[in-house]
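To keep things clear, I will list the structure first and then write my remarks on it.
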Amino acid sequence: MPNYSFRCRQCGDTFEENRPMARSGEPATCPSGHEDTVKLLTTFATVGRSGGAPAATPAPAAPAGGGCCGGGCCG
């Protein structure tokens, strides 16, 4: 079940609630009983199996030689 973060406008406390996505827009009451709360935008990150950032794709190799003929003069 997703976890949603809320902040109470009256006391300033931040709290979380687990609820189904179908109820994500419903208001929440803070643990102190205040009803004037706002849902916070939460973010998350994912990591690969190795636990680090994915490896960068290497740049393609530069063409060998020089000029338009792959090495010497074209003339």
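Everything numeric here is computed off the predicted structure, so don't read it as measured data.
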(request) Please test Gln10 against Asp36 for side chain to side chain donor-acceptor pair (under 3.5 Å), starting from the C-alpha separation and ending with a verdict. (result) CA-CA 7 Å; Gln10 187 170 348; Asp36 188 12; over 6 Å; no

If every non-hydrogen atom of [X] is compared with every non-hydrogen atom of [Y], which pair is closest and at what distance?
X     : Y     : answer
Thr29 : Glu17 : O-OE2, 3.9 Å
Ala28 : Arg19 : CB-NH2, 3.7 Å
Gly12 : Arg7  : O-CG, 4.0 Å

(request) Enter the distance from Asn18:CG to Tyr4:OH here, rounded to the nearest 0.5 Å. (result) 9.5 Å

(message) Can you tell me how far apart OG1 (Thr37) and CZ (Arg9) are? Round to the nearest 0.5 Å.
(response)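 Atom-to-atom, Thr37:OG1 and Arg9:CZ are 8.0 Å apart.
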
(message) With a 6.0 Å cut-off (strictly less than), is the heavy-atom count around CD of Glu35, excluding the residue itself, greater than 12?
(response) no

(message) What I'd like to find out is whether the side chain of Asp13 reaches to under 4.5 Å of the side chain of Ser32, using heavy atoms alone.
(response) yes

(message) side-chain contact (heavy atoms from CB on, under 4.5 Å) for Cys30 and Cys11? Distances and angles first, verdict last.
(response) CA-CA 9 Å; Cys30 94; Cys11 66; 4.0 Å; yes

(request) Report whether Phe6 and Met21 are members of the same hydrophobic cluster (ILVMFWY, side-chain heavy atoms less than 4.5 Å apart, transitive linking). (result)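 Hydrophobic grouping puts Phe6 with Met21.
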
